[in-house]
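The structure appears below as structure tokens.
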Amino acid sequence: MPKIVITGGAGFIGSHIAYHVRNQFPAHQLVIFDKMTYAADVRNIQDLTAAGDAELVIGDVCDFDLACNVVAGADYVVHAAAESHVDNSFGNSLLFTRTNVYGTHTILEACRRMGVKRIVHVSTDEVYGEVRTGAADETTFLNPTNPYSASKAGAEMVISGYLHSYRMPIVTARGNNIYGIRQYPEKIIPRFAMLLDCGKKLTVYGSGKNRRHYLAAEDFAAAIVLLMRRGEIGGIYNIGSEDEFENIEIAGMIADIFGHALEDVIDFVPDRPFNDWRYAIDSSRIRALGWAPQHRLVDDLAGVVQWYRDNRARFQRLVCDIAGQATDIGTGLQTGTQTP
Ligand SMILES: NC(=O)c1ccc[n+]([C@@H]2O[C@H](COP(=O)([O-])OP(=O)(O)OC[C@H]3O[C@@H](n4cnc5c(N)ncnc54)[C@H](O)[C@@H]3O)[C@@H](O)[C@H]2O)c1
């Protein structure tokens with residue numbers, strides 16, 4: 001039976017990719033390879049695993065022998081596993097290099113040894129660093145500005161080496177901010193939804209004027225499936241939307257859903273050590289393959305917020321029961337450790 005492996009498939013984006021892949025490749029065996037870090041949850045994929053539609057292999061992408069076993073016989077490997085939260089990367093940056101650079105290298109080497117037919121690597125628009133005006137295309141110089149984006153850029157450098165040295169069948173996707181259900185509440189939308197649901201204030205970094213583009217997880221998953229089928233080997237594809245908002249606008253939209261005036265629920269906190277002002281990417285290349293976002297944040301936000309409210313029990317301990325404010329969540333700044 002043909003086989004597809006999704007690393008990080010029990011996390012936020014990986015789980016959306018897993019459901020989409022299941023629909024689009026019904027005859028394939030689907031294996032989710034995930035370490036089950038704090039950001040993963042078996043409930044993210046329980047509809048797949050309970051029905052026997054996917055198998056979960058719990059393990060570390062840095063474990064070469066296990067990685068070889070998992071990817072053996074795979075037609076496709078989608079590599080989405082990563083440490084993904086910028087705030088954590090300021091506190092424990094070595095873990096980011098271990099998982100995101102060494103882990104990607106390990107998966108690539110395992111795929112090379114096992115003769116995997118196609119790999120889609122999930123990267124990020126943050127590898128470009130700040131884009132104050134205009135939009136970066138795929139040829140724009142990489143200029144990462146924090147340990148997370150540096151580790152993602154490092155992974156892409158390993159890929160470049162494998163493309164040139166071994167002619168490996170790799171396609172890279174650089175996505176902008178993704179929103180949707182099942183996201184760990186360290187990221188802005190689930191965090192703000194849960195904070196207001198718990199009766200807490202919204203903690204906004206700095207002036208709140210930093211801007212981000214938002215793309216629905218379903219649209220991103222569709223783009224990944226398109227790249228599995230039609231992405232050019234060695235190609236890099238920006239995957240982004242036109243939906244651009246300041247952080248303070250996101251706060252305002254969520255406050256509005258709860259029926260609050262923003263000024264009554266907002267609490268400004270000191271900014272990150274460095275916080276990119278804006279990211280922006282030109283997605284013409286994947287749009288030329290026929291992809292375009294089907295969702296808009298303004299249409300989806302109320303439903304997404306409601307999902308977090310409906311699943312409050314799952315996130316209660318992380319957001320509602322902690323002492324202090326939301327900056328305690330997943331910032332990593334309190335850990336001070338550098339244990340990979
Ligand atoms: N969230 C976004 O807005 C966004 C935007 C662009 C790109 N990305 C990229 O998309 C991918 C997925 O991001 P996400 O937001 O779903 O992250 P996430 O933190 O929700 O999920 C990451 C998953 O990877 C797994 N994982 C972590 N370390 C692992 C290891 N050593 N071995 C095996 N599994 C491991 C975790 O258990 C988790 O299931 C990442 O590569 C990220 O860089 C995310």
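Since the structure is predicted, the reported quantities are computational estimates derived from the model, not experimental observations. All ligand and atom numbering here is 1-based and tracks the order in the structure.
On a distance-only criterion, Glu186 and ligand 1 share no N/O pair closer than 3.5 Å. Taking only nitrogen or oxygen atoms, main chain and side chain alike, Lys152 reaches within less than 3.5 Å of ligand 1. For a threshold of 3.5 Å applied to N or O pairs, the pair formed by Ala40 and ligand 1 contains no separation below that value. Considering backbone and side-chain atoms together, Ala80 places an N or O closer than 3.5 Å to an N or O of ligand 1. When only interatomic distances are considered, the shortest N/O to N/O separation between Ala81 and ligand 1 does not fall below 3.5 Å. At least one N or O atom of Lys35 sits closer than 3.5 Å to an N or O atom of ligand 1. Below 3.5 Å of separation, one finds no N or O of Asn177 facing any N or O of ligand 1. Below 3.5 Å of separation, one finds an N or O of Val61 facing an N or O of ligand 1. In terms of polar-atom proximity, defined here as any N/O pair under 3.5 Å, Ala39 makes no such contact with ligand 1. Backbone and side-chain nitrogen or oxygen atoms of Gly175 are examined, and none is located within less than 3.5 angstrom of a nitrogen or oxygen of ligand 1.
Among residue pairs with one or both ends in residues 252-266, none qualify as side-chain hydrogen bond (donor to acceptor under 3.5 Å, both in side chains); sequence neighbours excluded.
Contact annotation: the side chain of Trp291 approaches that of Ile239 to within less than 4.5 Å [non-hydrogen atoms, C-beta and beyond].
In this structure, Ile281 shares a hydrophobic cluster with Val127, Tyr128, Val131, Leu142, Met157, the cluster being traced through Ile, Leu, Val, Met, Phe, Trp and Tyr side chains under 4.5 angstrom apart.
Looking at Arg98 and Glu83, no side-chain N of the basic residue comes within less than 4.0 Å of a carboxylate O on the acidic one, giving no salt bridge.
Remark: of the listed residues Phe258, Tyr179, Phe315, Phe315 is the sole one forming a ring-ring contact (aromatic ring centres under 6.0 Å, His included) with Tyr308.
When non-hydrogen atoms are compared, ligand 1 lies under 4.0 Å from the side chain of Tyr148 (C-beta onward) but not from its backbone.
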